[in-house]
Amino acid sequence: MSADLPNPIATYFAADKADGEAVARCFTLDGVVKDEGHTYQGTAEIKQWKAVASTKYAYTSEPFACQQQGAVIVVTSRLTGTFPGSPVDLRYFFRLEGDKIASLEIVP
């Protein structure tokens, strides 16, 4: 990865290449993900979100920029894959709690 990412975020992008279980472990127990107009709360829903996304699309994600905006860390990543509009740059808004992700919002 070319962006200098905090450890919990680097772990998330590595887990994103694996499965829903690996992604869910990156979050706090009551973590929240907002993606494509939906909100997923708790590790069970986050695991399901990742599982569905993985069956829907094949993609790779390459983070290339990272900046802190107050309590939020914004990562920009290029997604390339089998989805309409590929490739696309997405922004990931992370809020961390210790070594876990408390919230993540993904926007174009």
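Taking both residues in full, the closest heavy atoms of P108 and L90 are given as CA-CD2, 3.6 Å, listed atom of the first, atom of the second, then distance. When every heavy atom of D89 is checked against every heavy atom of R78, the shortest pair comes out as OD1-NE, 2.7 Å. The two residues Y57 and T82 come nearest to each other via the heavy atoms CD2-O, 3.5 Å. Closest of all the heavy-atom pairs between Q68 and I73 is OE1-CG1, 3.6 Å. Smallest separation of non-hydrogen atoms from S77 and S61: OG-OG, 2.7 Å. When all heavy atoms are compared, the tightest approach of T80 to P87 is OG1-CB, 3.6 Å.
With sequence neighbours left out, the side-chain hydrogen bond (donor to acceptor under 3.5 Å, both in side chains) criterion links R91 to no other residue. By the ring pair (Phe, Tyr, Trp, His ring centres under 6.0 Å) test, Y12 is found to be paired with F94, residues two or more places apart in sequence or in another chain being considered. For T60, there are no side-chain hydrogen bond (donor to acceptor under 3.5 Å, both in side chains) partners, not counting sequence neighbours.
Using modelled atom types, no side-chain atom of S86 and backbone atom of F83 make a donor-acceptor pair closer than 3.5 Å.
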Which donor-acceptor pairs under 3.5 Å do the side chains of residues 25-32 make with protein atoms, sequence neighbours left out?
| unit_1 | atom_1 | unit_2 | atom_2 | d |
| --- | --- | --- | --- | --- |
| T28 | OG1 | D30 | OD1 | 3.2 |
| T28 | OG1 | G31 | N | 3.1 |

Result block: side-chain N/O donor-acceptor pairs under 3.5 angstrom for residues 33-47, not counting sequence neighbours:
| unit_1 | atom_1 | unit_2 | atom_2 | d |
| --- | --- | --- | --- | --- |
| D35 | OD2 | W49 | NE1 | 3.0 |
| E45 | OE1 | Q41 | N | 2.8 |
| K47 | NZ | E21 | OE1 | 3.0 |

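The side-chain heavy atoms of D19 and S54, taken from C-beta on, include no pair separated by under 4.5 Å. Between K50 and D16 there is a side-chain heavy-atom pair separated by less than 4.5 Å. Using a 4.5 Å heavy-atom threshold, the side chains of N7 and I9 count as separate.
The line from OH of Y92 to CD of E105 is 12.5 Å long, rounded to the nearest 0.5 Å.
Through side-chain heavy atoms spaced under 4.5 Å, either directly or across other Ile, Leu, Val, Met, Phe, Trp or Tyr residues, V74 is tied to V72, F93, V107.
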